[in-house]
Amino acid sequence: MLKVGLTGSIAVGKSFVLGVLAELGCHVLDADATAREVVAPGTPGMQAVVDAFGEDILDSERTLDRAKLGVIVFADETKRLQLNSILHPFIISAQDEQMREWEREDQHGIAVVDAALMIESGGYGRFDKLVVVHCRPEVQLERLMARDSISREDAERKIAAQMSQEEKKSHADFLIDTSEGFDSTRQQAEKVFQKLSALRRM
């Protein structure tokens with residue numbers, strides 16, 4: 001099985017690209033979904049986060065209040081790194097188990113795992129190829145403000161808290177630029193899929 005990492009900064013369109021690759025027949029895994037699963041109530045991941053950040057990050061139903069936790073970690077680099085160091089081992093373990101299951105079912109398939117912090121965590125080294133999704137900075141800023149209903153200042157702070165797009169692009173085997181919208185992005189994703197399919201057949 002060809003194992004592919006898909007990454008990119010916040011609000012650049014990774015989810016759309018992942019959806020296109022799924023339509024084309026790839027096995028896909030969204031790391032945000034995995035991240036939610038590993039902090040579900042009663043999990044070791046949830047307990048580890050509560051131990052580190054306190055019970056104030058839980059809502060009235062004792063589930064993780066992601067908005068509260070987000071305010072804490074985006075405002076403090078040390079806390080953000082701490083959260084990542086807690087969650088990444090749980091997330092990587094869950095991803096690897098899913099890929100092993102896919103490989104048992106379809107050893108000649110293509111597995112694509114989408115994770116925003118794949119490069120920062122070093123997790124991209126587990127993949128055969130890395131696809132980096134990116135867009136022009138002004139497009140990213142506008143998308144983030146619209147998506148999260150936040151001010152320009154808050155959007156700029158969130159973007160500044162992450163590795164730059166240029167640095168992420170330097171690690172890529174394949175690049176997909178989403179700046180021009182859905183049709184252009186779909187065409188690029190289809191071309192990348194064709195190249196990945198050719199690699200799988202080699």
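Side chains included, hydrogens not; waters and symmetry mates left out as well; all remaining heavy atoms used.
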Checklist line | Thr185 side chain vs Gly181 backbone, donor-acceptor pair below 3.5 Å | finding: yes
Next item on the list: Keeping the roles fixed (side chain from Thr178, backbone from Cys135), state whether a donor-acceptor pair exists under 3.5 Å.
Entry: no
Margin query: Please check: side-chain N/O of Lys3 versus main-chain N/O of Lys129, any donor-acceptor pairing under 3.5 Å?
Written below: no
Check: For Val73, which of Leu83, Leu81, Asn84 qualifies under side chain to side chain contact (heavy atoms under 4.5 Å, CB included)?
Finding: Leu83
Next item on the list: Report yes or no: does Gln95 contribute a side-chain atom to a donor-acceptor pair with the main-chain N or O of Leu29 at less than 3.5 Å?
Entry: no
Check: Quick one: does Asp106's side chain get under 4.5 Å of His27's, heavy atoms only?
Finding: yes
Margin query: Classify the ring geometry of Phe182 against Phe16: parallel below 30°, tilted from 30° to 60°, perpendicular beyond 60°.
Written below: tilted
Check: For the atom pair CG (Leu196) and CG (Leu21), what is the distance rounded to the nearest 0.5 Å?
Finding: 7.5 Å
Note to self: I'd like to know if Glu180 and Arg136 make a salt bridge, using a cut-off of under 4.0 Å between side-chain N and carboxylate O.
What the structure shows: yes
Note to self: Quick check: closest heavy atoms across Gln82 and Ala52, and the distance to 0.1 Å?
What the structure shows: NE2-CB, 3.6 Å
Check: Which heavy atom in Ala94 sits nearest to a heavy atom in Thr34, and how many Å separate them?
Finding: CB-CG2, 3.6 Å
Next item on the list: Search all heavy atoms of Met99 against all heavy atoms of Met1 and return the closest pair with its distance.
Entry: O-SD, 4.2 Å
Next item on the list: Could you grab the distance from atom OG of Ser9 to atom NZ of Lys169, nearest 0.5 Å is fine?
Entry: 10.0 Å
Next item on the list: Under the side-chain hydrogen bond (donor to acceptor under 3.5 Å, both in side chains) rule, what do Asp51 and Gln47 come out as? Steps first, then yes or no, please.
Entry: CA-CA 6 Å; Asp51 288 347; Gln47 190 57 54; 2.8 Å; yes
Check: Arg186 side chain to Val20 main-chain N or O, any donor-acceptor pair under 3.5 Å?
Finding: no
Item checked: Atom of Leu24, atom of Phe193 and distance for their closest heavy-atom approach -> O-CZ, 3.2 Å
Note to self: So which atom in Ser85 and which in Pro89 form the shortest heavy-atom distance, rounded to 0.1 Å?
What the structure shows: O-CD, 3.2 Å
Note to self: When you compare the side chain of Arg66 with that of Arg36, does any pair of heavy atoms fall below 4.5 Å?
What the structure shows: yes
Margin query: Would you compute the distance between atom CG of Asp128 and atom CZ of Arg200 and round it to the nearest 0.5 angstrom?
Written below: 12.5 Å
Checklist line | Test side chain to side chain contact (heavy atoms under 4.5 Å, CB included) applied to Val131 and Leu18, Leu175, Ile176, Thr7, the passing residue | finding: Ile176
Note to self: So which atom in Thr43 and which in Ala40 form the shortest heavy-atom distance, rounded to 0.1 Å?
What the structure shows: OG1-O, 2.6 Å
Notebook entry, point to check: Between Arg80 (side chain) and Ala161 (backbone), is there a donor-acceptor pair under 3.5 Å?
Noted result: yes
Note to self: Has Lys168 got a side-chain atom pairing as donor or acceptor with Ala116's backbone, closer than 3.5 angstrom?
What the structure shows: yes
Margin query: I'd like to know if the side chain of Gln162 and the backbone of Ile10 have a donor-acceptor N/O pair within less than 3.5 Å.
Written below: yes
Checklist line | Check: Arg143 side chain, Val12 main-chain N or O, donor-acceptor pair, under 3.5 Å | finding: yes
Margin query: Please check this pair: side chain of Asp65 against backbone of Asp59, looking for a donor-acceptor N/O pair closer than 3.5 Å.
Written below: no
Next item on the list: Calculate, to the nearest 0.5 Å, the distance between atoms CD and CD belonging to Glu103 and Glu105 respectively.
Entry: 11.0 Å
